[in-house]
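Residue numbering restarts at 1 for every chain, and letters A, B, ... go by the order of the sequence lines.
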Amino acid sequence: MFNKRVKIKKLLATEATGQEVIVMGWVRTFRNNQFIALNDGSTNNNIQVVIELGQLDDATLKRITTGASLKVTGTLIESLGKGQKVEVKAGTVEILGDCDPEKYPLQLKNRPSLEYLREIAHLRFRTNTFGAVFRVRHSLAHAVHKFFHEKGFVYLHTPIITASDAEGAGEMFRVTTLSMDNPPRNTDGSIDFKEDFFGKSTNLTVSGQLEGELGATALGEIYTFGPTFRAENSNTTRHLAEFWMIEPEMAFSDLEDNMNLAEEFIQYIIRFAMDNNREDLEFLAQRLVEEEKALPQDKRSEFGLIEKLEFVLNNGFERITYTEAIDILLNSPAYKKKKFQYEVKWGIDLQSEHERYLVEKHFKKPVIVTNYPKDIKAFYMRQNDDGKTVAAMDILAPGIGEIVGGSQREERLERLEQRMREMHIPVEEMNWFLDTRRFGSVPHAGFGLGFERIVLFVTGMTNIRDVIPFARTPKNCEF
RNA sequence: UCCCGAAUAGCUCAGUUGGUUAGAGCAUCUGACUGUUAAUCAGAGGGUCACUGGUUCAAGUCCAGUUUCGGGAGCCA
């Protein structure tokens with residue numbers, strides 16, 4: 001019975017021919033006891049269902065409230081009113097699910113704030129904004145797989161649970177089945193993890209990269225796309241405790257191949273969303289304009305959302321070395337006017353204010369910064385011949401900051417072991433990883449891209465909690 | 001974790017120098033109207049002013065602490 005339903009997106013694109021149709025959806029508004037704006041999530045646009053006066057009994061009429069779900073059988077006709085091309089002249093109207101307006105927390109005419117909607121995240125999909133965001137998110141996710149598949153990459157499912165604590169990418173969530181009240185202990189009082197489920201201490205993954213390298217050095221090119229967990233006490237608009245990360249890894253590749261892949265990849269998935277979600281992106285662009293009306297002129301975006309995305313597609317990314325970035329900062333008017341709070345000199349990690357200056361003021365587009373000082377980067381990055389820098393690359397995006405972090409990997413065993421010892425990484429526990437360098441080692445490279453951050457960039461949303469269905473952040477694990 | 005800010009009706013907000021019974025728009029309810037487009041018009045109900053303590057003749061308003069939320073910073077993707 002349900003499969004005869006026509007999705008509203010399809011219906012709105014259909015010529016009115018007087019055909020009988022079945023539509024189902026949720027009431028957005030009910031005007032004049034006569035006009036129902038019905039939405040089924042396939043598009044932000046509603047189909048107007050028209051009820052003749054006296055067609056329905058009063059009891060049924062009263063049950064057509066905002067949020068109620070309906071099955072309507074009727075005739076698709078050319079609209080008699082202005083504002084829409086077609087409408088459904090109702091034959092029968094069946095209430096699938098009532099929605100008590102006194103209790104329903106989502107009254108759209110109240111212009112609920114994003115903050116309020118976060119508190120009712122289980123219902124916020126029913127708004128235009130979140131409908132658009134999550135349809136775009138879907139397209140981006142689909143495009144990720146499409147891109148890598150077309151390039152011959154293998155989608156590798158790296159583990160969620162890991163015993164490795166050497167990834168160094170942040171605080172980890174412990175995974176255990178031991179009793180919290182009375183855990184087994186060693187004679188010295190420490191907890192005896194030999195009794196734990198895996199017989200050792202385990203955590204949720206903070207990165208699939210190391211396992212990804214194992215795959216890439218056999219399958220050639222792989223990518224991961226899965227949930228990632230960081231137990232950092234980060235309270236920002238761009239951090240989540242549980243987020244989705246994409247990590248490609250390529251054998252026989254260097255830093256430049258890596259940059260080329262990252263740029264092509266980002267452009268590809270943006271293009272896919274532009275081609276497949278034009279209406280949603282236009283809605284989000286308009287939403288951004290409305291939101292920014294409240295801001296002073298100088299805080300508003302220079303370009304609209306669509307223009308920003310088109311610019312990225314047409315102009316690509318700026319590429320500079322870390323050393324060049326420092327020079328630009330030192331010669332900047334902002335530096336000379338002492339606008340920077342943090343010191344600028346070779347060797348520092350770039351602060352948010354520095355990244356923002358480079359991306360938003362100087363270049364006004366995404367920037368790839370390469371060859372960072374080795375002391376501020378991870379142990380596995382390939383050491384350059386200058387002895388000071390490593391073949392790292394970060395991609396910085398306007399309004400978001402770091403969106404990609406990657407590098408060419410150190411494939412020379414001695415260099416890698418030496419660096420691990422310098423940085424106090426337990427070499428013995430990493431033998432499985434070092435075997436890739438012992439047996440047929442090859443130059444290889446890869447990067448990690450925070451999926452929610454690219455969704456932020458494409459949708460123009462500004463808080464990462466608004467681009468994932470149910471955000472996990474410090475002190476917040478609702479739903 | 002640090003800095004700054006906020007918390008008043010279901011939602012979005014106003015509330016003056018501390019001073020009578022705390023307001024508006026929307027939502028909700030009742031009625032009217034009936035080709036509406038965030039429908040319109042008339043009326044009604046709706047408040048532990050986040051919590052705890054303090055100052056004061058008097059606190060939504062001032063002070064302290066707590067909680068939650070937002071923005072920024074750090075950590076990073």
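Judged purely by distance below 3.5 Å, without hydrogens or angles, the side chains of A/Arg28 and A/Thr66 never pair a donor atom with an acceptor atom. Side-chain N/O atoms of A/Asn258 and A/Gln408 include no donor and acceptor closer than 3.5 Å. No side-chain donor-acceptor contact under 3.5 Å links A/Thr162 and A/Asn203.
Ion pairing between a basic and an acidic side chain is recognised when a charged N comes within 4.0 Å of a carboxylate O; A/Glu263 and A/Arg319 show such pairing. A salt bridge links A/Lys377 to A/Asp394: one of the charged nitrogens lies within less than 4.0 Å of a carboxylate oxygen. A salt bridge does not link A/Glu242 to A/Arg230: none of the charged side-chain nitrogens sits closer than 4.0 Å to a carboxylate oxygen. Under 4.0 Å is where a charged nitrogen must lie from a carboxylate oxygen, and between A/Glu353 and A/Arg356 no such pair does. Between A/Arg118 and A/Asp466 there is a salt bridge, with a side-chain nitrogen of the basic residue lying less than 4.0 Å from a carboxylate oxygen of the acidic one.
Nucleotides B/rA42 and B/rG5 place their P atoms 43 Å apart, quoted to the nearest Å. Taking atom C1' on both B/rU56 and B/rU67, the two are 27 Å apart, rounded to the nearest angstrom. Using atom C1' as the reference point in both B/rU55 and B/rC63, the two lie 7 Å apart (nearest Å). Nucleotides B/rG60 and B/rA7 place their P atoms 15 Å apart, quoted to the nearest Å. Spacing of C1' atoms, B/rU17 relative to B/rC13, comes out at 23 Å, to the nearest Å. Spacing of P atoms, B/rC4 relative to B/rG46, comes out at 41 Å, to the nearest Å. For B/rU21 and B/rA58, the C1' atoms lie 16 Å apart once the distance is rounded to whole Å. The C1' atoms of B/rC26 and B/rU40 are separated by 15 Å, rounded to the nearest whole Å.
Here the side chain of A/Arg31 is nearest to one of B/rC11, B/rU36, B/rG74, namely B/rU36.
Toward the 5′ end of RNA chain B lies the nearest nucleotide of A/Gly83, the other residue of the pair A/Gly83 and A/Gly405 mapping further downstream. Where A/Ser113 and A/Leu53 meet RNA chain B, the nucleotide closest to each residue was compared, and A/Ser113 sits on the side nearer the 5' end.
Atom CG of A/Leu123 and atom C1' of B/rG10 are 14 Å apart (whole Å). A straight line from CD1 of A/Ile36 to C1' of B/rA38 spans 17 Å, rounded to a whole angstrom. What separates NE2 of A/His354 from C1' of B/rC76 is a distance of 17 Å, to the nearest Å. When rounded to the nearest whole Å, the span between NZ of A/Lys377 and C1' of B/rA77 equals 11 Å. As rounded to whole Å, 15 Å separates atom C1' of B/rA38 from atom CG of A/Asn44. Rounded to an integer number of Å, the gap from A/Asn46 CG to B/rA38 P is 11 Å. Summarising the geometry, the separation between OH on A/Tyr116 and C1' on B/rA9 is reported as 13 Å, rounded to the nearest angstrom. To the nearest angstrom, P of B/rC76 lies 12 Å from CG of A/Leu350.
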Which side-chain N or O atoms in residues 337-346 of chain A pair as donor and acceptor under 3.5 Å with protein atoms at least two apart or in another chain?
unit_1	atom_1	unit_2	atom_2	d
A/Trp346	NE1	A/Thr323	OG1	2.9

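In this structure, the aromatic ring of A/Phe451 is not positioned over the six-membered ring of the base of B/rA77 within 5.5 Å between centres and 30° between planes.
Looking at heavy-atom distances under 4.0 Å, A/Gly448 makes contact with sugar-phosphate atoms alone, never a base. Residue A/Glu52 is out of contact with every strand shown, counting any heavy-atom pair closer than 4.0 Å. A/Leu106 comes within 4.0 angstrom of no nucleic acid atom, judged by non-hydrogen atoms across all strands. Residue contacts shown for A/Phe35 include a base, since a base heavy atom lies under 4.0 Å away.
Classification of the A/Phe447-A/Phe265 ring pair by plane angle, with boundaries at 30° and 60°, yields tilted. Ring pair A/Tyr372/A/Tyr322 is tilted by interplanar angle, where 30° to 60° counts as tilted.
Applying the side-chain hydrogen bond (donor to acceptor under 3.5 Å, both in side chains) test to residues at least two apart or on different chains, the pairs with a partner in residues 100-117 of chain A are A/Tyr104-A/Arg126.
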Under 4.0 Å protein heavy-atom contacts per nucleotide of nucleotides 66-73 of chain B, with B for base, S for backbone only and - for none
----SSBB
Heavy-atom contacts, protein to nucleotides 22-29 of chain B, under 4.0 Å, summarised as B (base), S (sugar-phosphate only) or - (none) per nt, yield ----BSSS
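Residue A/Asn32 places a side-chain atom within donor-acceptor reach of the base of B/rU34, judged by atom type and a 3.5 Å distance cut-off alone. Counting atom types as modelled, A/Glu87 pairs a side-chain N or O with a base atom of B/rG35 as donor and acceptor under 3.5 Å.
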Pairs counted only when both distances fall under 3.5 Å, Watson-Crick or G-U: show me the 5' to 3' dot-bracket for RNA chain B, [ ] for pseudoknotted crossings and | for other-strand partners.
(((((((..((((.....[...)))).(((((.......))))).....(((((..]....))))))))))))....
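Take A/Phe134 and apply the ring pair (Phe, Tyr, Trp, His ring centres under 6.0 Å) test, not counting sequence neighbours, and it matches A/Phe125.
Both the sub-6.0 Å distance and the 45° axial angle are satisfied by A/Arg124 relative to the ring of A/Phe130.
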